[in-house]
Amino acid sequence: MDGRGTTPRSGAEMKFQGIVLFLAGMTLLTGCASYDYDASRANLSYSGQRRVAVATWDQREYVVSGDKDPDFVGLQRTKMGIPFNVTTTSQQPLATEMTNSLILSLAGAGFTAAPVTLTPQATEGSAVFALLHDKPARALLLKVNEWKSDTLMKPTVYYDLTLNVYDGVGRKLGSKTVKGDEDLEGRVFNPSGKAKKTVPEAFRLKIEQLLNSPEIVTALK
């Protein structure tokens, strides 16, 4: 016992306590690692009244192969750089949340937009066929070749998005691609909390860029 009447902890006990605290921290980190995309509404520079069918086609290689689940959106790293998966907050596929974002954006500009669900195993032909099932005036297909974030202190977003517009018989009227990587604003304290806001906002800006591109505007009108 020490002078305070307590028994000093052994090295093994201290090591065990450290492991418990580390695992508790990892559980807290992974439990909070989720982002919300479906409330991301882009501001359109135009309006319309057409009926539009909307789908997102997730072609991320690691999702198509089954290495990652469809709700995977990126990585959150501990201070030591250990990565953990980040998912959608709803636990729905990222494609579903991206479609919801597109519909919200189009509806805000006066379009009547309806969602169509696709699997990663779909082809472009089968995707367009599904989009045209209810005979819309236009069909909007977002092809996601890449979308993920990687966060230590500040997020880096990797993206490769192509937006295609088809008419009522399946002819492609316009297409626009944005591709690259961007470092977003971060912070040292609670970087995951910051990324939870900045990463979905980065997606909103990319969707806004695609929807307002001349190629897409002309095709939707």
For this session: Mind listing the closest non-hydrogen atom pair of Ala130 and Leu118 along with its distance?
Result: CB-CD2, 4.1 Å
For this session: Might you point out which heavy atoms bring Ser175 and Thr162 nearest each other, and give the distance in Å?
Result: OG-CG2, 3.6 Å
For this session: Take Thr96 and Thr99 through the test side chain to side chain donor-acceptor pair (under 3.5 Å) and record every step on the way to the result.
Result: CA-CA 5 Å; Thr96 299; Thr99 295; over 6 Å; no
For this session: Grab the two heavy atoms, one from Ile103 and one from Ala114, that are nearest each other, plus how far apart they are.
Result: CD1-C, 3.8 Å
For this session: If a pair satisfies salt bridge (Lys or Arg N to Asp or Glu O under 4.0 Å) and one of its residues is in residues 114-129, list it, with sequence neighbours excluded.
Result: Glu124-Lys172
Under 3.5 Å donor-acceptor pairs involving side-chain atoms of residues 132-147, not counting sequence neighbours:
unit_1, atom_1, unit_2, atom_2, d
Arg138, NE, Ala219, O, 2.7
Glu146, OE1, Tyr62, OH, 2.3
Trp147, NE1, Tyr37, OH, 2.9

For this session: Could you pull out the closest heavy-atom pair between Ala42 and Leu211, with the gap in Å?
Result: CB-CD1, 4.3 Å
Seminar exercise, completed: Applying side chain to side chain donor-acceptor pair (under 3.5 Å) to Thr218 and not counting sequence neighbours gives none
Exercise. Between Val86 and Leu75, does a side-chain contact (heavy atoms from CB on, under 4.5 Å) hold up when you go through it step by step?
Worked result: CA-CA 5 Å; Val86 183; Leu75 300 170; 5.5 Å; no
Seminar exercise, completed: Here the gap from Gln59 atom CD to Thr123 atom OG1, rounded to the nearest 0.5 Å, amounts to 9.0 Å
Exercise. Leu205 versus Glu201: any side-chain heavy-atom pair under 4.5 Å?
Worked result: yes
Exercise. Considering only heavy atoms from C-beta outward, does the side chain of Glu97 approach that of Asp71 to under 4.5 Å?
Worked result: no
Problem set entry | Path from Val217 to Leu44 over hydrophobic side-chain contacts below 4.5 Å | yes
Exercise. Less than 4.5 Å apart, any side-chain heavy atom of Phe84 and any of Thr78?
Worked result: yes
Problem set entry | Residues which pass salt bridge (Lys or Arg N to Asp or Glu O under 4.0 Å) with Asp69, listed by chain and number, not counting sequence neighbours | none
Exercise. Hey, are the side chains of Ser213 and Gln209 touching, using non-hydrogen atoms and a 4.5 Å cut-off?
Worked result: no
For this session: Kindly give the heavy-atom pair with the smallest separation between Thr198 and Pro155, and that separation in Å.
Result: OG1-CG, 3.8 Å
Exercise. Take atom OH in Tyr46; do more than 12 heavy atoms of anything else shown fall under 6.0 Å from it?
Worked result: yes
Exercise. Are Leu104 and Leu106 joined in one hydrophobic group, where the rule is that I, L, V, M, F, W and Y side chains link up if heavy atoms are under 4.5 Å apart?
Worked result: no
Problem set entry | Pairs meeting criterion salt bridge (Lys or Arg N to Asp or Glu O under 4.0 Å) with involvement of residues 207-216, two or more places apart | Arg204-Glu208
For this session: Using the side chain to side chain contact (heavy atoms under 4.5 Å, CB included) rule, pick out the option among Val54, Val52, Asn164, Val116 that qualifies with Leu131.
Result: Val116
Exercise. Does Met98 reach the side chain of Leu102, with side-chain heavy atoms less than 4.5 Å apart?
Worked result: no
Problem set entry | Taking every non-hydrogen atom, the tightest pair across Pro200 and Tyr35 | CG-CB, 4.0 Å
Seminar exercise, completed: So CG of Asp181 and NZ of Lys148: to nearest 0.5 Å the spacing works out to 11.0 Å
For this session: Evaluate the side-chain proximity of Arg60 to Phe72: yes if any heavy-atom separation is below 4.5 Å, no if none is.
Result: yes
Exercise. Quick one: does Thr88's side chain have a donor or acceptor within less than 3.5 Å of a partner on Gln91's backbone?
Worked result: yes
Problem set entry | Co-membership, hydrophobic cluster, residues Ile216 and Trp57, 4.5 Å side-chain | no
For this session: Start with the C-alpha distance between Phe111 and Gln49, add both sets of side-chain angles, then the distance that settles side-chain contact (heavy atoms from CB on, under 4.5 Å), and finish with yes or no.
Result: CA-CA 5 Å; Phe111 292 90; Gln49 297 181 331; over 6 Å; no
Exercise. In the single-linkage hydrophobic clustering (I, L, V, M, F, W, Y; side-chain heavy atoms under 4.5 Å), do Val165 and Val178 co-cluster?
Worked result: yes
Exercise. Are Leu184 and Thr156 side-chain neighbours, meaning at least one heavy-atom pair lies under 4.5 Å?
Worked result: no
For this session: Could you check Tyr158 against Asp150 for side-chain contact (heavy atoms from CB on, under 4.5 Å), going step by step and ending with a plain yes or no?
Result: CA-CA 8 Å; Tyr158 303 89; Asp150 193 333; 4.2 Å; yes
Exercise. Just wondering, do Leu220 and Arg50 contact through their side chains at under 4.5 Å, heavy atoms?
Worked result: no
Problem set entry | Rounded distance [0.5 Å steps], CG in Leu163 versus CD1 in Ile207 | 6.5 Å
Seminar exercise, completed: So the side-chain hydrogen bond (donor to acceptor under 3.5 Å, both in side chains) pairs with at least one residue in residues 100-111 (sequence neighbours excluded) are none
Exercise. In Å, rounded to the nearest 0.5 Å, how long is the span from CD of Gln92 to OG1 of Thr117?
Worked result: 9.5 Å
Problem set entry | Check: Asn212 side chain, Asn43 main-chain N or O, donor-acceptor pair, under 3.5 Å | yes
